[in-house]
Structure formats: C-alpha cells, structure tokens
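Step one of this worksheet: look at the structure below.
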Amino acid sequence: MEKTVHKQFAPRVFQLGYVALETPDVMRARDHYAETIGMSETATGHDGESYLSIGYEHHNVVLRKAQHKAMGHLGFQLNPGTELRELVAELRAFGLGAQIKSDSQPGIRELVEVEPVPGTTLQLYTDIDAPAAGFKRTGVSPLRLGHVAVISPDGPKLKAFFMDFLGFWFTDTIAGISNFITCNREHHVVNLVSMPDQRVHHIAFQLKGNASHAMAGDLLAERGLPVKWGPTRHTAGHNIASYHYDPDQVLIELYTDMDVFIPELNMCEARPWHRHFPMAPREWKLTELAAWETEFAFSLAQA
C-alpha cells in the first residue's frame, strides 16, 4: 500500500478543466451534452469542433470530428503564475517532448501540450476565458466537471507522471488496477485504469445535490437513455453515483457527496457512512464497488 506522508501537498495543477472527445457524429454528441447534460455551446471550430461550457469557463467539453470515437486530450489548469516556458524545459528534463501552442483553441491563448504516454495527450494552461455563458436550467444541469477515468496500457507510467511531475496524490486503489489520484480536496480528479486499451472509461459531472439523481434519472429515461449502474454509493470516494452512456458509448458519471481529502492528514474527512477510520488510502476489491452492496446486472468494472 502506498503512503503519502511527510510530503508537502503542492500539485502543479488544481483542477480538471476540460475533456476533448473524438466522435464520428459531432451534432449527435453535441445534442447530448447541450440538451441532455445541459451545457452551452460557446464556440465552433474551423473543422466543426464544438466547445461546450457548463456555465463559467469557456469550455469543459470539446467534441471533434473523427472516424471513430476516441479520447482527444485532457486539459488541466495550472497554478496561477506558472511560467509556461519554464514548464516546457522541466518537461523536457523529465524526458518528455512538450510544446507551447498559441491560440490553438478558443478561450485559451497559450497552453503546453505533452504526451506522457502514447495515446494520452494533456494540455496544461494557466488561464481560460470566462464568457459567462451561464448555467442552464434545462437538462441534467451539473455544477461542474469533476473527474475523468482513463484506461491505458501504460497505466503505471502515466500514474508516475501525474504523481512525480504534476504532484498528484494517491488516495485509493481498486485491486491495483484502478488508481485514484487528486490535485485538490476532492477524493479523486483522475482515475487511472491499467488495462490493454486506450480510451476514456468515464467522464464525471457533479450534480447539485442528492435529490438531483432522481431528476436526472427521470430526464434520461424520457430521452431513452437507461441508467446502467446506480445510483448507489461507491466505496472508493464514497460518492453517490449513477452511470449512463452518451451516443458514442462513452460512459458518463453523475455524482454527489464525494469524499473530501485532507492532504495534511493523508485521509478523507470522517463521514458516518465510512466503515474504516481513519479513511486513509487503501486497496478495495473488485467486488467492493458499491458501499450499499447493491448488485447490478451491468458490470461497471468491465465497462
């Protein structure tokens, strides 16, 4: 079991800003994120890309035309004052090629792009425009983009980059396969799944409150989108979560009640539903996905 002690919590980034997805049908995917999830399109690109915002930042989801569905890139916001040229030099010293891109997408004037493992591209930026698109009152209407789960055949190497270079902290693992890491006070911002595949496992949006799960489930049912798993409480993170597929079979998690991580104590704030005290990083079994021990026909572990 990993331990993160006697070490300052000082990640270089503080939040997941956006997820870019490649899709064979941008308009179909856009309809899901704009109408069902409840996001606003803030811009379109020269090749038909769609940039969608939950309500404040210029974009939190990017949809790009491609022959097949795939993960495009992940955007993380750097700590204010980060010098991008110095960051590129440090990345190259770390053994990675990196480049600064200017105006490569609307809303971000400069960013650093790096590929820590083949097939996983990260974009690191300090500033993103906030055109005040406003939060919608239609669709699921999430509060924010919370985390992303990435499947990679280079899971250990990718995890080492996030932790050793970006400064993420390890918070939990499921059977050593699914590893949860964070750069802020949420239990996890990234979930790295080591498997012989390269794709997004799921994208997670935080809902306003637990009652929102019922409203979201009704809305999804009206649109012919079955909830595949949940709502139930997880073990790792203890968030109440439900999952459904977008039109390209990318799994979408809607969650509330995520554990609050206290890096100074290397544990999560105690909650009445915790079965272990202190709730420090631990290993859960593959059979321990639902704290309520709810059984679902849909296998979340194999999704």
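Counting from 1, the numbers follow the sequence of the chain as shown.
A 4.5 Å side-chain heavy-atom check between V112 and L91 finds at least one atom pair inside the cut-off.
A salt bridge links D248 and R28; the closest N-O separation between the charged side-chain nitrogens and carboxylate oxygens is under 4.0 Å. The existence of a salt bridge linking D259 and R271 is excluded, since no basic side-chain nitrogen approaches an acidic carboxylate oxygen closer than 4.0 Å. Looking at E113 and K101, a side-chain N of the basic residue comes within less than 4.0 Å of a carboxylate O on the acidic one, giving a salt bridge. Using a 4.0 Å cut-off between charged side-chain N and carboxylate O, R185 and E269 make no salt bridge. Look at R275 and E293 and you find a salt bridge, because one of the NZ, NE, NH1 or NH2 atoms lies within 4.0 Å of a carboxylate O, short of that distance.
Side chain of D154 to backbone of K157: no donor-acceptor contact under 3.5 angstrom is found. One N or O on the side chain of E83 and one on the backbone of R85 form a donor-acceptor pair closer than 3.5 Å. With hydrogens and angles disregarded, no donor-acceptor distance shorter than 3.5 Å links the side chain of E288 to the backbone of L286. With hydrogens and angles ignored, the 3.5 Å screen pairs a side-chain donor or acceptor of N184 with a backbone N or O of F14. Remark: side-chain polar atoms of T23 are not paired, donor with acceptor, to backbone N or O of A29 under 3.5 angstrom. Not one N or O on the side chain of K65 forms a donor-acceptor pair closer than 3.5 Å with the backbone of G48. Between the side chain of E222 and the backbone N or O of L219, no donor-acceptor pair lies under 3.5 Å. Checking side-chain atoms of H213 against main-chain N and O of I240 turns up a donor-acceptor pair under 3.5 Å. Checking side-chain atoms of N60 against main-chain N and O of I54 turns up a donor-acceptor pair under 3.5 Å.
For the residue pair E41 and Y33, no side-chain donor N or O sits within less than 3.5 Å of a side-chain acceptor on the partner. Remark: the T232 side chain and the T294 side chain contain an N/O donor-acceptor pair separated by less than 3.5 Å.
The number of heavy-atom neighbours closer than 6.0 Å to NE2 of H276, taken from other residues, nucleotides and ligands shown, is above 12. Atom CD of E295 has 12 or fewer neighbouring heavy atoms from other residues, nucleotides or ligands inside a 6.0 Å radius. Residue Y56 places its OH atom among 12 or fewer non-hydrogen atoms of other residues, nucleotides or ligands, all under 6.0 Å distant.
The two residues Q77 and D127 make their nearest non-hydrogen contact at NE2-CA, 4.3 Å. Residues L192 and F162 come closest through the heavy atom pair CD1-CD1, 4.1 Å. Heavy-atom minimum distance, F161 versus L122: CE2-CD1, 3.5 Å. Of all heavy-atom pairs between P263 and W169, the closest is O-CZ3, 3.1 Å. Taking each heavy atom of P116 and L158 in turn, the nearest pair found is CG-CD1, 3.7 Å. Across all their heavy atoms, S141 and K136 have their closest contact at OG-O, 3.1 Å.
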Next item on the list: Give the intermediate values and the outcome of side chain to side chain contact (heavy atoms under 4.5 Å, CB included) for residues V148 and L16.
Entry: CA-CA 8 Å; V148 63; L16 171 67; 4.0 Å; yes
Note to self: As a quick check of understanding, evaluate side chain to side chain donor-acceptor pair (under 3.5 Å) for E35 and T138, giving each step before the final call.
What the structure shows: CA-CA 7 Å; E35 305 304 325; T138 58; 5.4 Å; no
Note to self: Assess the residue pair F180 and F168 against the criterion (ring pair (Phe, Tyr, Trp, His ring centres under 6.0 Å)); give the C-alpha distance rounded to whole Å, side-chain angles, the decisive distance to 0.1 Å, and a yes or no.
What the structure shows: CA-CA 10 Å; F180 300 84; F168 277 65; over 10 Å; no
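In this structure, the separation between OG1 on T126 and CD on E110 is 8.0 Å, given to the nearest 0.5 Å. To the nearest 0.5 Å, atoms CD1 (I252) and NZ (K228) are separated by 14.0 Å. Rounding to the nearest 0.5 Å gives a distance of 4.5 Å between OG of S242 and CG of L254. Between the CG atom of D172 and the OG1 atom of T235 there is a distance of 7.5 Å, given to the nearest 0.5 Å. Taking CD of Q206 as the reference point, atom OG of S212 lies at 10.0 Å (rounded to 0.5 Å). For the atom pair NZ of K208 and CZ of F135, the computed distance is 8.5 Å after rounding to the nearest 0.5 Å.
Relative to the ring axis of F165, R12 places its NZ or CZ within 45° and under 6.0 Å from the centre.
For H187 and F261, the distance between ring centers is not under 6.0 angstrom.
Ring planes of H234 and W229: parallel class, angle under 30° (limits at 30 and 60°). Note on ring orientation: taking the six-membered ring where Trp is involved, the planes of Y18 and H73 are perpendicular (angle over 60°, cut-offs 30° and 60°).
Just one of H188, E253, H147, R233 meets the side chain to side chain donor-acceptor pair (under 3.5 Å) condition when paired with N239; it is E253.
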